[in-house]
Amino acid sequence: MKRSEKEHIVTEVAGTVSRSTAMYFTDFSGLTVEQATDLRRELRKAGIEYRVVKNTLIKKALEQVTGYDKVYDKLVGPTGVAFAFEDAVVPAKVIDKFIEKNQKLSLKAAVLEKQVYDGSKLKEIAKLPSKKDLMAGILGSIQSPLAGVPTVINAVLRELVSVIDEVGKKLNPERSEGS
């Protein structure tokens, strides 16, 4: 590979790193081509970008962005990186499910919001609620008290109409006789 190609890859990966909310460094040794294709497909469906790049190039890309020193010692052997842009937890869920099914892939390290976690923390990370789940929970909490508001408003309006009718009858007694 030419120097210019390597520089292009480093620049491209550095840009991807700076845009990502999470990165998952995997060891894919032992995967068949079919399994690797399945992994990529599952990650892509979840909106995750998965790249296999030489460790030296990944390290140079991480150095350009800074703050990832703790990952360098994990860059040994075959390394694939899953980049999350929307939800930092989704890749953990996909990778964990894939490992349960195939037993070949392993997680070297995970970086969520620039916090580095050892690969042994995969199960714990995968159990965290996704951004979508958190949003649904928050909206549910907000909407729950609001669900009773229309009923209360209707009751108040009925009472108000009743009071207005009574006042109208008292102010205009002929109205009550004609109705």
Side-chain angles (χ1 to χ4, degrees), residues 1-140:
M1 185 181 299
K2 294 180 183 177
R3 182 184 181 108
S4 62
E5 291 172 354
K6 290 179 183 178
E7 289 172 354
H8 175 73
I9 290 170
V10 168
T11 303
E12 194 176 275
V13 171
T16 304
V17 168
S18 63
R19 289 189 345 258
S20 67
T21 58
M23 295 179 289
Y24 291 79
F25 297 86
T26 64
D27 180 347
F28 59 88
S29 56
L31 287 182
T32 65
V33 172
E34 184 181 335
Q35 289 170 327
T37 303
D38 287 345
L39 174 63
R40 288 178 186 271
R41 184 180 308 115
E42 291 302 313
L43 288 167
R44 196 175 313 112
K45 273 198 279 186
I48 310 304
E49 181 180 325
Y50 186 73
R51 300 215 29 196
V52 174
V53 182
K54 287 186 171 193
N55 290 327
T56 54
L57 300 180
I58 294 171
K59 183 177 177 185
K60 287 181 182 185
L62 292 172
E63 287 171 347
Q64 285 186 8
V65 181
T66 69
Y68 297 101
D69 307 16
K70 294 179 182 177
V71 177
Y72 300 162
D73 64 328
K74 306 289 185 185
L75 300 176
V76 179
T79 305
V81 186
F83 296 96
F85 304 104
E86 295 291 320
D87 193 332
V89 176
V90 171
K93 293 180 184 299
V94 174
I95 291 168
D96 186 48
K97 186 176 176 183
F98 185 86
I99 291 172
E100 285 177 11
K101 182 179 167 186
N102 295 286
Q103 305 294 317
K104 301 272 180 157
L105 187 72
S106 65
L107 185 67
K108 295 179 179 189
V111 180
L112 288 82
E113 305 291 340
K114 293 203 174 193
Q115 181 69 36
V116 180
Y117 298 93
D118 186 68
S120 63
K121 301 286 187 195
L122 176 63
K123 289 265 186 221
E124 293 172 45
I125 297 169
K127 287 179 183 174
L128 293 172
S130 67
K131 185 177 182 179
K132 187 177 179 181
D133 294 338
L134 286 173
M135 295 294 276
I138 290 169
L139 287 175

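Numbers here are sequence positions counted from 1. Source: prediction; values computed, not measured.
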> In chain order, what residues pass the side chain to side chain contact (heavy atoms under 4.5 Å, CB included) check against K121, with sequence neighbours excluded?
Replying inline: Y117, E124, I125
>> Applying side-chain hydrogen bond (donor to acceptor under 3.5 Å, both in side chains), can you list everything that pairs with R44, at least two apart in sequence or on another chain?
In response: none
>> Under the salt bridge (charged side-chain N to carboxylate O under 4.0 Å, His left out) definition, can you give me all pairs with a residue in residues 3-31, not counting sequence neighbours?
In response: R3-E7, E12-R51
> Which pair of non-hydrogen atoms, one from V94 and one from A46, has the smallest distance, and what is that distance?
Replying inline: CG2-CB, 4.0 Å
> Looking at residues at least two apart in the chain, or sitting in another chain, which of them share a side chain to side chain contact (heavy atoms under 4.5 Å, CB included) with K104?
Replying inline: L31, Q35
> Partners of I99 by side chain to side chain contact (heavy atoms under 4.5 Å, CB included), sequence neighbours excluded?
Replying inline: I95, L105, L122
>> Taking salt bridge (charged side-chain N to carboxylate O under 4.0 Å, His left out) as the definition, give me every residue that meets it alongside K45, ordered by chain and number, with sequence neighbours left out.
In response: E42
> If you round to the nearest 0.5 Å, how far is OH of Y24 from CZ of F83?
Replying inline: 13.0 Å
> Got a second to check how far K123's NZ is from K127's NZ, nearest 0.5 Å?
Replying inline: 7.5 Å
> What heavy-atom pair brings V10 and A61 nearest, and what distance separates the two atoms?
Replying inline: O-CB, 3.6 Å
>> For Q64 versus T11, what's the shortest heavy-atom pair and its separation?
In response: OE1-CA, 4.4 Å
> In Å and rounded to the nearest 0.5 Å, what is the OG1 to CD1 distance from T56 to I9?
Replying inline: 9.5 Å
>> Please enumerate all residues that pass side-chain hydrogen bond (donor to acceptor under 3.5 Å, both in side chains) together with K108, with sequence neighbours excluded.
In response: T79
>> Run the side-chain hydrogen bond (donor to acceptor under 3.5 Å, both in side chains) test against K74 and tell me which residues pass, sequence neighbours left out.
In response: D118
> What is the distance from atom CD1 of I48 to atom CG of D87, rounded to the nearest 0.5 Å?
Replying inline: 7.5 Å
> Pairs in or reaching into residues 28-38: which pass salt bridge (charged side-chain N to carboxylate O under 4.0 Å, His left out), with residues at least two apart or in two chains?
Replying inline: D38-R41
> Which heavy-atom pair separates S20 from F85 by the least distance, and what is that distance?
Replying inline: CA-CD2, 3.8 Å
> Looking only at heavy atoms, which two atoms of V65 and A14 are closest? And how far apart?
Replying inline: CG2-O, 3.5 Å
> What distance do L39 atom CG and F28 atom CZ have between them, rounded to the nearest 0.5 Å?
Replying inline: 10.5 Å
> Tell me, do V53 and V81 make a side-chain contact under 4.5 Å, heavy atoms counted?
Replying inline: no
>> Please give me the minimum heavy-atom distance between G80 and Y50, naming the atom from each residue.
In response: CA-OH, 3.4 Å
>> Just to verify, what does Y68 make a side-chain hydrogen bond (donor to acceptor under 3.5 Å, both in side chains) with, not counting sequence neighbours?
In response: none
>> Checking V116 now: which residues fulfil side chain to side chain contact (heavy atoms under 4.5 Å, CB included) with it, not counting sequence neighbours?
In response: K70, V71, V111
> With sequence neighbours left out, which residue pairs that include part of residues 55-68 fulfil the salt bridge (charged side-chain N to carboxylate O under 4.0 Å, His left out) condition?
Replying inline: none
> If only atom types and distance count, is the side chain of N102 paired as donor or acceptor with the main-chain N or O of F98 below 3.5 Å?
Replying inline: yes
